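Each remark here refers to the structure printed beneath this line.
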2 protein chains.
Amino acid sequence: MTVKIKDVAKRAGVSVTSVSRVLNGEKYVSEDVLARVNEAIEELKYSPSHIARSLKKQKTNTIGVIVPDLTSNFYSTILSSIEENASKYGYNLIVCNIAENLSKELKYLYIFQEMRVEGIIIMHEKTNDDIVSFVQNATMPILFSSVKSPDPTFMSVLIDDYQAAFDATEYLIDAGHTAISYLGGDLQDITSGQSRYNGFRDALIKHEIAINPDYIKFGDYKLPSGQALMKELLALPNRPTVVFAASDDMAVGALNCALDQGLYVPDDISIIGFDGSTITNIVRPAITSMQQPIYEMGQISLESLHRLITRPKTQQKTDIVLQHELVVRDSCKKIN
Amino acid sequence: MTVKIKDVAKRAGVSVTSVSRVLNGEKYVSEDVLARVNEAIEELKYSPSHIARSLKKQKTNTIGVIVPDLTSNFYSTILSSIEENASKYGYNLIVCNIAENLSKELKYLYIFQEMRVEGIIIMHEKTNDDIVSFVQNATMPILFSSVKSPDPTFMSVLIDDYQAAFDATEYLIDAGHTAISYLGGDLQDITSGQSRYNGFRDALIKHEIAINPDYIKFGDYKLPSGQALMKELLALPNRPTVVFAASDDMAVGALNCALDQGLYVPDDISIIGFDGSTITNIVRPAITSMQQPIYEMGQISLESLHRLITRPKTQQKTDIVLQHELVVRDSCKKIN
DNA sequence: CTGAAAGCGCTAACAG
DNA sequence: CTGTTAGCGCTTTCAG
């Protein structure tokens, strides 16, 4: 069928061992053998079997990635960064887009295990017992990127959501806002939903600003959700002067809702986002957003996973907290 | 080390063959054996090795995907569709984001080959001799999605770029425009660059509208390129009344450039895009765009590849041309 | 420096 | 219905 190492050996007039040696760039091969083997490989168009090699070496150079939504700019950017760095370290990526489907995630975690991936990166916004239990019993390192790990024994690369939301809220307060709305993700999730909301709330408390329950609404981090929630907000008799959306997609949804109702942003109402996805810089007005270091997050996730894979013993499994940064654009008005 | 089929067999008190049989859901296993094997699997937390299985069966259930840019909404949406359908057919996806880097693409094509993927889907905008030669000599089916294949013997799933651009242009002409600008991708590429431009040009010719060379500009399909080209356009003494951007990203770039200069779209200048990415519906004004059936493209790509894999003989390798559709939004004014 | 041979974990005849 | 055994294509002792 396909040409194998034996064929190359025969053609080069050497043993399979020698071929294997040049394949793996070992020393202790004579110039002569090296040349003949390379020639034979060339002539036969030999392509070594990664599968056979993996089986023998018990090493696949593969890592699995769980993405919650490939079409989201935020996640596809992290994935892009993960891919770039994986490639640098010689890992191949097998990716699963769960699209909200937790049973698909679980299924793929088992597939990853059967494929003997060397590590797994999970980015999901929700989880369930089966998944947590898989993670706890897993034999390969698993790392959570941009989301909290289900329990402190697992490593996670993320920002301090609480502090970031707190800082964003203080920025709004400093700009003179007191009628502040919060459009959040689902509080029940393991995600940042709770932390971001708490950061928002505590900033208001610190500055002794009363929380108007009408201004607090929860959706699902996606654009249509921001749009729908904003619609409710705008229907209120007394509107907020600014809305803090807990994701950029929600912020854009809110922006579009306002724009479509003929309002001007930020003159009629201000909007601030969260994530720092490129979309904030694409829409008009460009949206002020609490930026996560997306590229860095992918990079550090991969580097950390690599360390976990190669030196499992020496690695502490503590979270890595990256720096957030408020990027001021054109969607927030000062109303001092 | 890890538990293997032999351990399960021993534990269940049967032969490895029997275990293998229940693993593969074959008939001819007694209730009794089935139960005991499943119990042993459970107790030992046995996870069958996909690698060993692949080696033996000479089948990996894996396909490789080359994506030009993961952060692009257009490609990540196709990828998402490919992933969803791959999962349906039981394929695992290994993905490479080439990010304009053709030598990375070539490297990964060889990796895909070593991994014995069963098929490859390529979405790239450029190519070179090495890649073409790889494709021509490849032993596994290779399919081009959303882009033209380098030569007619390879299958490609795409729209009729020429006709789509022609239709979009006629729409503009019907709306009364004669001062029409074209912002294109690179004509030299194997991409749709040439076809789209030709469609545009021929529509003008058919309607006897002179082509103003100042209005024809080429960039790279990305947002900043559209922005820069638009800037040149707006600096012209006599501006076009509409600009046809050959990609949605370019259209958004053009839109932002116009907006940032204080112009109103479509009142001061109209814009039409190409691709039908979700971004066209997110910006304001929403952009009229010639839409590719993105989801369907991913689905049909995967189905076709699957057919190529399972029934290589019976499959014709002709291109599959999908229907384009103009989606009218708010960025084009009638000027009759 | 080079080669023979023993597996890596699994499936698939083949024989019972 | 069940078990024995020979590989799948490669790497790696272990001897030369």
Side-chain angles (χ1 to χ4, degrees), chain A residues 1-38 40-41 44-62 110-118 139-140, chain B residues 1-38 40-41 44-62 110-118 139-140:
Chain A
M1 190 75 170
T2 98
V3 23
K4 32 198 176 184
I5 201 171
K6 204 174 169 183
D7 304 315
V8 176
K10 204 164 287 175
R11 173 78 162 212
V14 299
S15 73
V16 293
T17 313
S18 290
V19 178
S20 173
R21 278 200 260 262
V22 347
L23 249 30
N24 292 283
E26 290 172 32
K27 41 203 303 193
Y28 303 134
V29 269
S30 63
E31 289 286 318
D32 178 49
V33 169
L34 182 75
R36 272 156 58 207
V37 168
N38 277 329
I41 288 176
L44 266 33
K45 291 187 189 306
Y46 170 66
S47 169
S49 163
H50 182 262
I51 302 168
R53 186 176 281 178
S54 295
L55 180 59
K56 181 64 202 183
K57 300 176 91 152
Q58 301 288 53
K59 198 166 175 323
T60 56
N61 298 311
T62 299
Y110 279 108
I111 290 180
F112 288 169
Q113 178 171 276
E114 296 189 352
M115 296 183 88
R116 304 295 190 258
V117 301
E118 299 185 23
T139 54
M140 76 288 275
Chain B
M1 189 73 173
T2 100
V3 26
K4 31 200 175 184
I5 200 171
K6 204 173 168 182
D7 304 316
V8 177
K10 205 164 288 174
R11 173 76 162 213
V14 300
S15 73
V16 293
T17 312
S18 290
V19 178
S20 172
R21 278 199 262 262
V22 346
L23 249 30
N24 292 283
E26 289 173 32
K27 41 203 303 192
Y28 302 135
V29 269
S30 63
E31 290 285 320
D32 178 48
V33 168
L34 182 75
R36 273 155 58 207
V37 168
N38 278 328
I41 289 175
L44 268 31
K45 291 188 189 304
Y46 169 66
S47 169
S49 163
H50 182 262
I51 302 168
R53 187 177 280 178
S54 294
L55 180 59
K56 179 65 201 184
K57 300 178 88 152
Q58 302 288 52
K59 197 164 175 328
T60 56
N61 298 312
T62 300
Y110 279 107
I111 290 180
F112 287 169
Q113 178 170 276
E114 296 190 354
M115 295 183 89
R116 305 294 190 257
V117 300
E118 298 184 24
T139 54
M140 76 288 274

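Just so you know, these numbers come straight off a predicted model, no measurement behind them. Below, read A as the first sequence line, B as the second, and so on, with proteins coming before strands; counting in each chain starts at 1.
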*What nucleic acid atoms does A:S30 come within less than 4.0 Å of, heavy atoms only: base, sugar-phosphate, or nothing?*
sugar-phosphate

_Distance test, side-chain N/O of B:Y46 to OP1/OP2 of C:dC10, below 4.0 Å_ = yes

*asked:* Side chain of A:K4 only, heavy atoms from C-beta on: which candidate in D:dG9, D:dT2, C:dG3 is closest?
replied: D:dG9

*asked:* Measure CD1/A:I5 against P/D:dT12 and give the value in whole Å, please.
replied: 11 Å

*asked:* What contact category does A:S20 fall into here, base, sugar-phosphate, or nothing, at under 4.0 angstrom with non-hydrogen atoms?
replied: base

*So do B:V16 and B:S20 actually touch side chain to side chain, heavy atoms under 4.5 Å?*
no

*Distance, rounded to the nearest Å, where A:K57 contributes NZ and D:dT13 contributes C1'*: 15 Å

_Applying a 4.0 Å non-hydrogen cut-off, can you work out what B:S49 is touching in the nucleic acid: base, sugar-phosphate, or nothing?_
sugar-phosphate

*Please round to the nearest 0.5 Å and tell me the distance separating atom CZ of A:R53 and atom CG of A:N61.*
9.0 Å

*In whole Å, what is the span from the CD atom of B:E26 to the C1' atom of C:dA12?*
9 Å

*In whole Å, what is the span from the NZ atom of B:K59 to the P atom of D:dG9?*
16 Å

*Does the C:dA4 base have a donor-acceptor partner in the side chain of A:T17 within less than 3.5 Å?*
yes

*How many Å lie between CD on A:Q58 and C1' on D:dT13, as a whole number?*
16 Å

_In this structure, how many angstroms lie between the C1' atom of C:dT11 and the CG atom of B:N61, rounded?_
14 Å

*State, without any angle test, whether B:R116 and B:T62 hold a side-chain donor-acceptor pair at a distance under 3.5 Å.*
no

*A:K56 has a side chain; which of D:dC10, C:dC10, C:dC1 sits nearest to it?*
D:dC10

*Where the side chain of B:V14 is concerned, which of D:dG3, C:dC10, C:dG3 is the nearest nucleotide?*
D:dG3

*Rounded to the nearest 0.5 Å, how far apart are CD1 of A:I5 and OG1 of A:T17?*
8.0 Å

*Should the pair A:R11-A:D7 be classified as a salt bridge under the 4.0 Å nitrogen-to-oxygen rule?*
no

*Starting at the 5' end of DNA chain D, which residue's closest nucleotide do you reach first, B:V33 or A:L55?*
B:V33

*Can a donor-acceptor pair under 3.5 Å be found between the side-chain atoms of B:R21 and the base atoms of D:dG3?*
yes

*Please report, rounded to the nearest Å, how far the C1' atom of C:dC1 is from the CD atom of A:E31.*
12 Å

_Between D:dT13 (P) and A:N24 (CG): distance, integer Å_ = 12 Å

